[in-house]
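Starting from 1, each residue takes its place in the sequence as its number. Hydrogens, waters and symmetry mates are skipped; everything else that's a heavy atom, side chains included, is used.
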Amino acid sequence: MALRKPPLRDVHDARGATFTEFGGWDMPVEFESITDEHRAVREEVGIFDVSHMGEIEVAGPDAEALMQRLTTNDVTALDPGDSHYSMITDEDGVIVDDTVVYRLPEGDEAEFLFVPNAGHDEQMHEHWTAHRNEWDLDATVSNATDEYAMFALQGPDAPELLGEVAEESILDLQKFEAKYATVAGVECWTARTGYTGEDGFELVLPAAEAETVWEALDCQPCGLGARDTLRLEMGFLLSGQDFDHEDDPRNPYEAGVGWTVKLDTEFVGRDALERVEAEGVEEEFVGIKLVDRGVPRHGYDVTNTDDVIIGQVTSGTMSPTLGEPIALGYVPTEYADPGAVVNVVVRGQSKKAKIANTPFLSD
């Protein structure tokens with residue numbers, strides 16, 4: 001199957017980007033260097049093309065009821081312009097995907113917009129429409145992924161840069177708040193959200209206007225490589241790597257995002273998660289820092305001090321900010337306390353490591 005392309009694929013190619021397949025999309029992984037792009041976001045500002053993320057719009061009288069029953073967080077707590085992080089789980093409480101849910105302003109054609117991960121938009125559209133039909137709810141569900149581009153402007157200087165080209169004030173937006181703002185003459189759904197741990201914004205805009213906005217936000221372009229090292233330093237989950245519905249099924253409590261589960265609401269997987277919450281989990285998602293030299297990677301074994309395998313690394317890198325090898329992964333609860341000594345097997349060699357608090361930057 002041919003890879004899907006973001007609207008600015010050729011623009012990025014002309015800029016010298018290198019590309020990688022991610023979630024069925026042909027996406028820029030690096031423009032200058034991952035380290036330079038990472039540092040630009042931590043110290044100044046950088047912009048990511050994240051048009052591979054999905055956009056699903058839900059409208060109609062029962063839109064709220066449908067969203068409430070298919071996501072774990074409480075959408076009734078959202079006022080227009082609010083958003084929150086949430087999980088989509090199956091009947092067994094296993095994470096199918098993670099997402100950000102926006103309640104759109106009154107008068108908008110849709111009531112909710114949610115953003116599934118790359119390559120999950122068609123699956124989520126089918127999931128929503130199937131349950132809408134099963135529950136006989138009055139709601140329309142539209143997969144608008146191909147209609148929109150999505151950019152993430154991230155870094156301490158992001159508010160100043162966006163403020164220079166936005167016609168409306170964006171500084172009044174608090175974290176996880178959003179509104180429409182005109183940027184370089186283009187109406188953009190502008191949210192104070194992101195996945196790097198820095199201040200910043202995510203913009204959803206018509207795909208046909210993508211180049212106008214991209215060029216106006218003149219700063220360091222960043223690829224998915226830097227996005228991965230930035231989110232990893234914060235201990236944020238990556239779909240398909242830190243959880244995978246088929247290959248590495250995890251529930252929100254194992255994955256460290258149990259705070260997104262509101263058991264006083266009714267949603268698919270609620271009863272299973274109530275049991276998990278009551279009984280506890282056997283494994284936990286933890287941070288790991290190598291004491292010995294080496295770089296941990298996805299799939300590497302984690303062992304105890306007797307060299308018995310107790311888990312696997314799900315994400316790992318050499319932290320550009322800390323200059324230390326860091327990783328994420330699941331280990332049995334008896335090994336999950338910060339400071340506990342474990343080993344990571346790097347290219348066949350056992351390397352001493354310690355369980356660490358996340359985010360790593362505040363450890």
Side-chain angles (χ1 to χ4, degrees), residues 6-8 11-12 28 40-41 44-59 63 67 75 77-86 99-116 121 142-222 227 230-231:
L8 298 186
V11 173
H12 303 325
V41 172
E44 298 175 351
V45 59
I47 187 169
F48 301 83
D49 185 346
V50 289
S51 298
H52 60 317
M53 303 296 285
E55 285 92 15
I56 307 291
E57 296 172 332
V58 185
M67 293 299 301
V75 300
L78 296 177
D79 291 324
D82 287 346
S83 67
H84 64 204
Y85 184 55
S86 191
T99 188
V100 172
V101 176
Y102 300 95
R103 185 187 284 272
L104 298 171
E106 294 179 0
D108 203 293
E109 292 183 1
E111 188 165 353
F112 291 95
L113 168 71
F114 73 96
V115 181
D121 56 307
S142 304
N143 184 356
T145 302
D146 292 335
E147 299 175 20
Y148 294 122
M150 185 172 179
F151 301 147
L153 186 71
Q154 301 283 290
D157 295 341
E160 180 180 356
L161 176 57
L162 183 58
E164 291 175 356
V165 292
E167 293 182 10
E168 298 84 356
S169 173
I170 45 82
L171 295 180
D172 57 333
L173 288 174
Q174 303 299 307
K175 193 173 182 181
F176 277 92
E177 286 186 345
K179 67 178 184 181
Y180 287 106
T182 305
V183 179
V186 178
E187 185 179 66
C188 301
W189 179 243
T190 305
R192 203 153 194 165
T193 53
Y195 217 57
T196 64
E198 297 297 331
D199 194 3
F201 302 85
E202 292 178 306
L203 293 85
V204 178
L205 58 143
E209 306 288 350
E211 188 168 0
T212 299
V213 176
W214 179 267
E215 296 298 337
L217 296 171
D218 185 21
C219 63
Q220 173 66 57
C222 304
R227 185 173 165 86
L230 288 157
R231 70 91 194 166

CA sep, side-chain torsions, deciding dist, call: E177, D82, side chain to side chain contact (heavy atoms under 4.5 Å, CB included): CA-CA 5 Å; E177 286 186 345; D82 287 346; 4.0 Å; yes
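- When side chains are defined from C-beta on, E211 counts as touching V11, because their heavy atoms get closer than 4.5 Å.
- Looking at heavy atoms from C-beta onward, S83 lies out of side-chain contact with L113 at the 4.5 angstrom threshold.
- Of the inter-residue distances, the one linking F112 atom CZ with I56 atom CD1 reads 14.5 Å to the nearest 0.5 angstrom.
- D199 and K175 are not joined by a salt bridge, as no carboxylate oxygen comes within less than 4.0 angstrom of a charged side-chain nitrogen.
- A distance of 9.5 Å separates SG of C188 from CD of E168, quoted to the nearest 0.5 Å.
- The nearest pair of heavy atoms linking A166 to I170 is CB-CG2, 4.3 Å.
- With respect to M150, the side-chain contact (heavy atoms from CB on, under 4.5 Å) criterion is satisfied by exactly one of L203, V50, T145: V50.
- Y148 pairs in a side-chain contact (heavy atoms from CB on, under 4.5 Å) with only one of the listed residues (E209, E55, M53), which is E55.
- Note: L104 CG to W189 CH2 = 5.0 Å, rounded to the nearest 0.5 Å.
- Across all their heavy atoms, E111 and R103 have their closest contact at OE2-NH1, 2.8 Å.
- Heavy-atom minimum distance, E106 versus P80: CG-CG, 4.0 Å.
- The shortest distance between side-chain heavy atoms of H12 and P221 does not fall below 4.5 Å.
- Residue I47 holds its CD1 atom at 10.0 Å from CD of Q154, rounded to the nearest 0.5 Å.
- Counting heavy atoms from C-beta on, the side chains of V183 and L162 come closer than 4.5 Å.
- Judged by distance alone, with hydrogens and angles left aside, the side-chain atoms of T99 form a donor-acceptor pair with the main-chain N or O of V115 at under 3.5 Å.
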- Derivation and outcome, side chain to side chain contact (heavy atoms under 4.5 Å, CB included), residues Y180 and T190: CA-CA 6 Å; Y180 287 106; T190 305; over 6 Å; no
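- For the residue pair E57 / S142, no side-chain donor-acceptor distance below 3.5 Å is found, with atom types taken as modelled.
- With contacts defined as side-chain heavy-atom distances shorter than 4.5 Å, the pair R227/V41 does not qualify.
- Minimum interatomic distance between Y85 and Y195 (heavy atoms only, all atoms of both residues): OH-OH, 3.7 Å.
- What you find for P156 and E198 is that their closest heavy atoms are CD-OE1, 3.9 Å.
- R192 contributes no side-chain N or O that, together with a main-chain N or O of Q174, makes up a donor-acceptor pair within less than 3.5 Å.
- Contact detail for P7 and A210: the closest heavy-atom pair is CB-CB, 4.3 Å.
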Determine, stepwise, if the pair E187 / T182 fulfils side-chain hydrogen bond (donor to acceptor under 3.5 Å, both in side chains).
CA-CA 4 Å; E187 185 179 66; T182 305; 5.8 Å; no
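- Side-chain contact check for F151 versus L205: some heavy-atom pair is nearer than 4.5 Å.
- Annotation: side chain of Y102 is not in contact with side chain of F176 (no heavy-atom distance under 4.5 Å).
- Taking CG from L217 and CG from L153, the interatomic distance works out to 5.5 Å, rounded to the nearest 0.5 Å.
- Side-chain atoms of F48 and L230, non-hydrogen and from C-beta on, do get closer than 4.5 Å to each other.
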